[in-house]
Amino acid sequence: MANAMRLCTLGLFLLSCWTCEAGSKVTKAVDANMKYKDPKVPVEDRITDLLSRMTLEEKVGQMTQIEVPVATPEIMEKYFIGSLLTGGGTQPVKDASAKDWVDMINKFQKGSLKTRLGIPMIYGIDVVHGHNNVINATIFPHNVNLGVTRDPALVKKIGEATAVEVRATGIPYAFAPCIAVCRDPRWGRCYESYSEDHKIVEEMTDIVNGLQGDLPPNYPKDYPFIGGKDKVAGCAKHYIGDGCTVKGINENNTIIDMKDLMSMLMPAYDLSVQKGVATVMISYSSINGVKMHANKKLIDLLKEKFKGFAISDWQGIDRITYPPDANYTYSVQASILAGLDMIMVPDNYTDFIGNLTKLVNDKVIPMSRIDDAVTRILRVKFLTGLFENPNPDYSMVDMIGTKEHRELAREAVRKSLVLLKNGKTESEPILPLPKKTKKIIVLGSHADNLGYQCGGWTVEWQGYSGNDRTSGTTILKAITNTVDPSTQIQFSEKADPEFLKANKDADFAIVVVGEKPYAETKGDNLNLTIPHPSQEVIKKSCTSGIKCVVILISGRPLVVEPFLPAMDAFVAAFLPGSEGQGVADLLFGDFGFTGKLARTWFKRVDQLPMNFGDKNYDPLFPFGFGLETKKGDGQGEL
Ligand code: GLC
């Protein structure tokens, strides 16, 4: 009885939400029997009404998510496809504008709305650090930077800005936040994790309310909440243990006891659910040898306190077996029985639909399991306002990469750099540098390369090199913007002897080097050395007799100890994103360094995994370390 009362209360609450939001939109007379089409009816009643009308074919279709390259409006209609996604790097057309995205989504939605019951599809996309597939979107610093800020309010604002840019392209669903607790920097996705410290990750779940909106008072703590047209449905990922695999091997096995899982990894999911997260994505990885995509015990543990839907990862069910797809029928059976609700197929949808339909007809999968999945999917669709507003408009297309959003990203850059060395001795700091000095030389592959400073998941899945794909400010440009007009700036990617000789009169050398972009398994790395030719550029620049400031662009700590003595200053910039101006703001004292490491900086790779609190903890720079500088110009010596 209590449950019915609770749902009824919730229903009345939601009704009041929708009446104000959607009532004005509903112009067509609503067929009195088609309760699910009436925004004045409580969401749970709309779900019950719609579910009762659906055939198995229509239900299985709702559980199917396919990717844009294999989709057409006709396929959306014929197979009742419930969701569409864009994978990393896919765009409607090359250099698509926000309007192009809106037009594409409307094109596919038209197919979905032609179906018998007119259930709108929900379109999802990755927003790893801003709306990163979209040209000229604000590219915020990656999560590895945001954990350094220890500023949940800032991260929530980033969520708000990101939601606006996602909606500007007509998209209502974002696969974010990643709440991995990365415990080994050899993991190619460690930069998607806020910290090795689960408490920092838990604090950063405030981004859920940035993306989705703040919960109204007395809102249930297990129910999704999406607060309006400038908010999106979010997705906490990847459940569970994605960042704790052996040697950081992506998609591999996490060995952990239940006590540590419940104390270190589960709290961020509990908090995300309590903050109204709409969906949770299941991890490719395994817990103690059990694939998460087939882990009924742990998925049940999540879903007993969560009323949104659980979505698979890309071909996540295929990878239940090794080799992937070895037994697709088993993959479908195991994942759906384990509790997955929507499957990111994303290509072989006829196989998925055929297998699932047969498994239900053969009574291997009970209809109750299908109804649970579809109930959750419809709930998120109703709460996202899709039934009232299935077709995005152009009203927000100018909200991509706005000045306000870029300033927010610049602030995040400033707060997320870590100063690890400042001066050959503590008594002679070199930072901040003087804006007015005779000459500064800038060197390194990452100084004038927007793609490099943004890292993976930027325009392309694996990121890119160069300055011609999207807009922003490179670190070199930022330096040039900041120094006095009389200060000479000379730039060279390499530290050629001729260049160094010709500029031996320089007062300072700023060396910007690091890792090239990568994403997922391509970023797995067992030796974590500073890549060539960055090592050589550091050595040559910092032994030329010119005071050198080294800025490392990387998704994680790297082996830097051998190079440290030659450096006069060392800054860990991690992956700052499009707003390089934030780097110059600190270098020249317009703002002070405040960032503190959110990851342990190891000495040698054989120490890994090594996290604060471990026995034999012997880092080069400990978790929480970071030097500070005051605001003010030119403390550095001439
Ligand atoms: C990827 C990632 C996941 C992403 C999904 C869709 O493989 O594991 O984080 O959301 O596929 O691109």
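Order of appearance sets the numbers: ligands from 1, and atoms from 1 within every ligand.
- Residue Glu192 places no N or O, backbone or side chain, under 3.5 Å from any N or O of ligand 1.
- Residue His238 has at least one N or O atom closer than 3.5 Å to an N or O atom of ligand 1.
- Close contacts of ligand 1 with Arg189, meaning ligand atoms under 4.0 Å from a residue heavy atom, involve 2 (C), 3 (C), 8 (O), 9 (O).
- Comparing Leu85, Asp313, Thr521, Ile125 against atom 8 (O) of ligand 1, the shortest heavy-atom distance belongs to Asp313.
- If you number the atoms of ligand 1 from 1 as listed, the ones under 4.0 Å from a heavy atom of Lys237 come out as 3 (C), 4 (C), 9 (O), 10 (O).
- Considering Asp126, Asp242, Ile311 only, the shortest heavy-atom separation from atom 6 (C) of ligand 1 involves Asp126.
- The ring pair (Phe, Tyr, Trp, His ring centres under 6.0 Å) search around Phe80 returns none, not counting sequence neighbours.
- Interface atoms of ligand 1 facing Trp314, defined by a heavy-atom separation under 4.0 Å, are 7 (O), 11 (O).
- The only member of Arg376, Lys307, Lys275 that meets salt bridge (charged side-chain N to carboxylate O under 4.0 Å, His left out) when paired with Asp222 is Lys307.
- Ring centers of Tyr269 and Tyr239: under 6.0 Å apart, within the cut-off.
- Residue contacts with ligand 1: Tyr284 is included, with a non-hydrogen atom under 4.0 Å away.
- Heavy-atom minimum distance, Ser578 versus Ser471: CB-O, 3.7 Å.
- Between Phe574 and Tyr191, a ring centre-to-centre spacing not shorter than 6.0 Å is recorded.
- A centroid separation of less than 6.0 Å is found between the aromatic rings of Tyr452 and His446.
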